[in-house]
Every structure is written in structure tokens, then in C-alpha cells.
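Scroll down for the structure; my scribbles are underneath it.
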Amino acid sequence: MQETFLNDLAKSQAPVFCFLVNGIKLEGFIIAYDQFSVMLASNRDAASSQLIMKSAISTIVPKGAGSVAPKNY
């Protein structure tokens, strides 16, 4: 389920909010991910990216989540 969700977000380059367990809210685009981490870019390029460990992530929410029909994962 996680693989499908992250893959859809990475392919579509949809803007997301990434909430961390310490309360910080990050905003950007998922450009890559693996078993342990997610690469989040504030622009659509890798030059302004952050590597976030999945263990530090609480929630990832597509930015336009209220206007998009939910997908069944």
C-alpha cells in the first residue's frame, strides 16, 4: 500500500505536505523514495531537496487532497 501511494505521488509530481513526528510540516514534491527514506524537493528539481527518514515521518498528505477523489489502495 505504501509503495503504491508513494509511487503515484512521485510519478504525478503532486505537491504534498509531509508532517514529521516532531510536529514540523514540510511542503514539496516527492522525487524519490526507497525502503527507509523519502526525497522531498521544494521545487521540481533535485537541487533543493531534503532526505527524510521514513521513521521521522508521521503523515504524507497530497496538498489538494480535499479536491481529489480518494483512491482505493
Side-chain angles (χ1 to χ4, degrees):
M1 181 162 53
Q2 182 185 104
E3 175 78 21
T4 304
F5 180 68
L6 291 174
N7 192 39
D8 288 348
L9 291 173
K11 281 184 178 180
S12 68
Q13 288 292 293
V16 298
F17 292 118
C18 181
F19 296 93
L20 305 183
V21 294
N22 65 1
I24 293 175
K25 178 176 88 171
L26 302 173
E27 184 178 347
F29 305 91
I30 295 175
I31 56 174
Y33 64 93
D34 65 13
Q35 183 179 358
F36 301 107
S37 61
V38 173
M39 184 77 71
L40 189 72
S42 59
N43 296 323
R44 293 184 189 263
D45 62 354
S48 59
S49 61
Q50 301 176 40
L51 179 66
I52 307 161
M53 301 307 294
K54 284 184 177 178
S55 60
I57 297 173
S58 168
T59 312
I60 296 176
V61 181
K63 192 172 179 182
S67 61
V68 178
K71 227 178 171 184
N72 292 328
Y73 291 102

Of all the heavy-atom pairs spanning [X] and [Y], show the shortest one and how long it is.
X: Lys54; Y: Asp34; value: NZ-O, 2.8 Å
X: Leu26; Y: Gln50; value: CD1-OE1, 3.7 Å
X: Ser42; Y: Phe29; value: O-CE1, 3.9 Å
X: Ser49; Y: Ile31; value: CB-CD1, 4.0 Å

Next item on the list: Could you walk me through whether Asn7 and Thr4 pass the side chain to side chain donor-acceptor pair (under 3.5 Å) test, one step at a time?
Entry: CA-CA 5 Å; Asn7 192 39; Thr4 304; over 6 Å; no
Item checked: Derivation and outcome, side-chain contact (heavy atoms from CB on, under 4.5 Å), residues Ile57 and Leu20 -> CA-CA 4 Å; Ile57 297 173; Leu20 305 183; 4.1 Å; yes
Item checked: Partner of Cys18 by side-chain contact (heavy atoms from CB on, under 4.5 Å), out of Ile60, Val38, Thr59 ->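 Exactly one candidate clears the test, Ile60.
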Item checked: Sequence-distant partners of Ser58, side-chain hydrogen bond (donor to acceptor under 3.5 Å, both in side chains), two or more places apart ->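 Once residues adjacent in sequence are excluded, Ser58 has no partner under the side-chain hydrogen bond (donor to acceptor under 3.5 Å, both in side chains) criterion.
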Notebook entry, point to check: Residues two or more places apart in sequence or in another chain: which of them pass side-chain hydrogen bond (donor to acceptor under 3.5 Å, both in side chains) with Glu3?
Noted result: Tyr33
Item checked: side-chain hydrogen bond (donor to acceptor under 3.5 Å, both in side chains) contacts touching residues 14-28 (sequence neighbours left out) -> Glu27-Lys63
Note to self: Can you list, by chain and residue number, the hydrophobic cluster partners of Met53 when the side-chain cut-off is 4.5 Å?
What the structure shows: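 Direct or chained contacts put Met53 with Phe36.
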Checklist line | Verdict with supporting geometry, Leu40 and Ile30, side-chain contact (heavy atoms from CB on, under 4.5 Å) | finding: CA-CA 5 Å; Leu40 189 72; Ile30 295 175; 4.2 Å; yes
Check: Going from CZ on Phe19 to CD1 on Ile24, what distance comes out if it is rounded to the nearest 0.5 angstrom?
Finding: 12.0 Å
